[in-house]
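Worksheet: the structure to be examined is printed underneath.
From a predicted model like this one, the values you see are computed outputs, not experimental measurements. A note on names: the letters A, B, ... follow the listed sequences, proteins ahead of strands, and every chain is numbered from 1.
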There are 2 protein chains.
Amino acid sequence: MLVYYLRTMARIKIEKNTSRKEVIVSKAASLFREKGFKAASMRDLAEAVGVEAASLYNHIKSKTELLHELCFGVANRFMHHMDEVESKKNNSIAKVEELVRFHINEMINHYEEVYVSDREWKHLSDPYLSNFQNQRRMYRKRFAAIIEAGIRNKEIKAIDAPTAVLIILHAIGGIESWHRSTQKIDADALTSNMITILVGGLKND
Amino acid sequence: MLVYYLRTMARIKIEKNTSRKEVIVSKAASLFREKGFKAASMRDLAEAVGVEAASLYNHIKSKTELLHELCFGVANRFMHHMDEVESKKNNSIAKVEELVRFHINEMINHYEEVYVSDREWKHLSDPYLSNFQNQRRMYRKRFAAIIEAGIRNKEIKAIDAPTAVLIILHAIGGIESWHRSTQKIDADALTSNMITILVGGLKND
DNA sequence: ATAATATACTAACACATGTTAGCAATGATT
DNA sequence: AATCATTGCTAACATGTGTTAGTATATTAT
């Protein structure tokens, strides 16, 4: 018996308003998160996307480019939000809370990208690496400046601002269970817990 | 002109009471910290040790064994300390402070190992992987239990204990500048800052 | 229908990786 | 001095890696 298999060529499935490259970048995010950038191979990624490894190169330039996209995508969102927060005329505690809430939201809605950007940026190579590190430093400096302003008008306890920033950022960025809290209730509960502990701990009362 | 170079064979230098394997494990720690487990090659490690790659295998079984040693070395220290803390008859806040202080001390004195154990355990393979994950879970459970006891006798704010634990652990484990604070003053200042913010934030007052 | 563009495939490359085999040099023990 | 165990070296392996070349197929525009 002779059987003819008529195979059609694979194709990257896209939804309205998403390029194929975006699909690849997105799958790369979850792969890099799961295995780490170095341990995740282009063949792994190809399989996740449903295509042969070489086909990926019709859409991207290199594996490292994927890391660029992820890291700077996240960094830009954080930077823009910082611009916003600084431009508003809130008191310091309110600003800090806004920064924390934004960060938590990013963790919930873009978990993989934020996680990767936070843990795998070391594997960037050098024009990008220093650029990224600079952005990181800047963000922290601006965050610390807000806390310091709050300390000056007695809104916030007289603590070391840079240390407080590191604590806050790592506390939020470290939670591994964001993606598990699919139910909105869990996420909300987690959020308010974090706000209580982190922001509440700063207040001068 | 004929010149004879009389080369002596390289040798791993050891100090009193340290095996050559310990030297390798220790160098592996700083290499894995710097580049990540996957990105650090055995040839890199060999160079750091001052020997050819193949020679390493006279002392170790595999690259993964190095990760085992590091991860379980750290895990055991933390577990034993938890035993100690639990056995003492302190109040909850004192216990929490002891755990935090120990963790900070580990970060200062064994930075590379603790860092690697915290970030690279994913690359363990399976009898070890689940074992390690279990120990992690257990440690956090016991930490949370201490906080919960504190909440019950009104020592500690009515917060979500597991969340508090994650915040504390990630806040401490995330600081990248432990190794830079070589001067004891910096380390002490950083420590007291962390205690103020983290432990102070829990207190019910 | 035809031409042009986008996207996929197969095959292969050059290179880095962890690891082993076999042998040479060194150090310790007798 | 002779013996034996340690520890190092060179060479090589098998495998996995990112990536490219060249070509076939599908989609879009003419």
Side-chain angles (χ1 to χ4, degrees), chain A residues 4-28 31-32 34-70 120 123-126 128, chain B residues 4-28 31-32 34-70 120 123-126 128:
Chain A
Y4 296 88
Y5 294 95
L6 305 181
R7 279 187 316 156
T8 102
M9 242 178 182
R11 204 113 207 278
I12 299 177
K13 283 163 212 136
I14 55 175
E15 333 224 313
K16 197 82 183 193
N17 291 337
T18 64
S19 68
R20 287 187 163 74
K21 178 168 177 175
E22 283 170 321
V23 174
I24 294 173
V25 171
S26 160
K27 292 277 184 188
L31 228 118
F32 293 171
E34 193 194 327
K35 308 190 152 197
F37 175 74
K38 268 286 176 183
S41 79
M42 294 305 278
R43 283 162 180 89
D44 289 340
L45 178 55
E47 191 180 359
V49 169
V51 100
E52 292 300 314
S55 308
L56 298 172
Y57 289 83
N58 286 317
H59 306 280
I60 62 164
K61 236 180 57 210
S62 67
K63 187 188 183 186
T64 326
E65 192 206 358
L66 293 168
L67 196 56
H68 299 166
E69 300 267 342
L70 291 169
E120 306 291 331
H123 298 103
L124 289 169
S125 30
D126 209 355
Y128 300 96
Chain B
Y4 296 88
Y5 293 94
L6 304 181
R7 280 188 315 157
T8 104
M9 242 180 182
R11 204 113 206 279
I12 300 177
K13 283 163 212 133
I14 55 175
E15 331 225 313
K16 197 82 181 194
N17 292 337
T18 63
S19 68
R20 282 179 224 285
K21 178 168 178 177
E22 282 169 322
V23 174
I24 294 173
V25 171
S26 159
K27 292 275 184 190
L31 227 111
F32 293 171
E34 193 193 327
K35 307 190 152 196
F37 175 74
K38 268 286 175 184
S41 80
M42 294 303 279
R43 284 165 179 88
D44 289 340
L45 178 55
E47 191 180 358
V49 168
V51 102
E52 291 299 315
S55 308
L56 297 172
Y57 289 84
N58 287 317
H59 306 280
I60 62 164
K61 238 179 57 207
S62 67
K63 187 188 184 187
T64 327
E65 192 204 0
L66 293 168
L67 195 56
H68 300 164
E69 300 266 342
L70 291 169
E120 306 291 331
H123 298 103
L124 289 170
S125 31
D126 208 354
Y128 300 95

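Checking R11(B) against K38(B), the closest nucleotide of DNA chain C that is more toward the 5' end is the one next to K38(B).
Checked against salt bridge (charged side-chain N to carboxylate O under 4.0 Å, His left out), E120(B) has no partners two or more places apart in sequence or in another chain.
Note on A40(B): only backbone sugar-phosphate atoms sit closer than 4.0 angstrom, heavy atoms only; bases stay farther off.
For the pair K38(A) and F37(B), the NZ or CZ position fails the cation-pi test of under 6.0 Å to the six-membered ring centre and within 45 degrees of the ring normal.
In this structure, the side chain of E22(A) engages the main chain of S19(A) through a donor-acceptor pair within 3.5 Å.
Between the base of dA6(C) and the side chain of N58(A) there is no donor-acceptor pair shorter than 3.5 Å.
Within the helix from dA1(C)-dT30(D) to dT30(C)-dA1(D), the inter-axis angle between the opening and closing five-pair segments is 10°, rounded to 10°.
Heavy-atom minimum distance, H123(B) versus A39(A): NE2-CB, 4.1 Å. A pairwise comparison of heavy atoms in S125(A) and T64(A) identifies OG-CG2, 4.0 Å as the closest pair. Looking at every heavy atom in both residues, A40(B) comes nearest to F32(B) through CB-CD2, 3.7 Å. Across all non-hydrogen atoms, the minimal contact from L56(A) to M42(A) is CD1-O, 3.6 Å.
Considering only side-chain atoms of Y57(B), the nucleotide from dA8(C), dT20(C), dG18(D) that sits closest is dT20(C).
Between the NZ atom of K21(B) and the P atom of dT6(D) there is a distance of 14 Å, given to the nearest Å. The distance from atom NZ of K35(B) to atom C1' of dT17(C) is 13 Å, rounded to the nearest whole Å. Between K61(B) atom NZ and dT19(C) atom P there is a gap of 10 Å when expressed in whole angstrom units. Regarding I60(B), its CD1 atom lies at a distance of 12 Å from the P atom of dG8(D), rounded to whole Å. Distance CE (M9(B)) to P (dA25(C)): 7 Å, rounded to an integer number of Å. dG16(D) atom P lies 15 Å from atom NZ of K63(A), rounded to whole Å. Nucleotide dG18(D) holds its C1' atom 15 Å from the CG atom of L67(A), rounded to whole Å.
Taking a 6.0 Å sphere around NZ of K63(B), one finds it holds more than 12 heavy atoms contributed by other residues, nucleotides or ligands.
Residues of residues 41-56 of chain A having a heavy atom closer than 4.0 Å to DNA chain C, listed by number: R43(A), V51(A), E52(A), A54(A), S55(A).
Side-chain N/O atoms of H59(B) include one lying less than 4.0 angstrom from OP1 or OP2 on dG8(D).
No side-chain heavy atom of K13(A) sits less than 4.5 Å from a side-chain heavy atom of V23(A).
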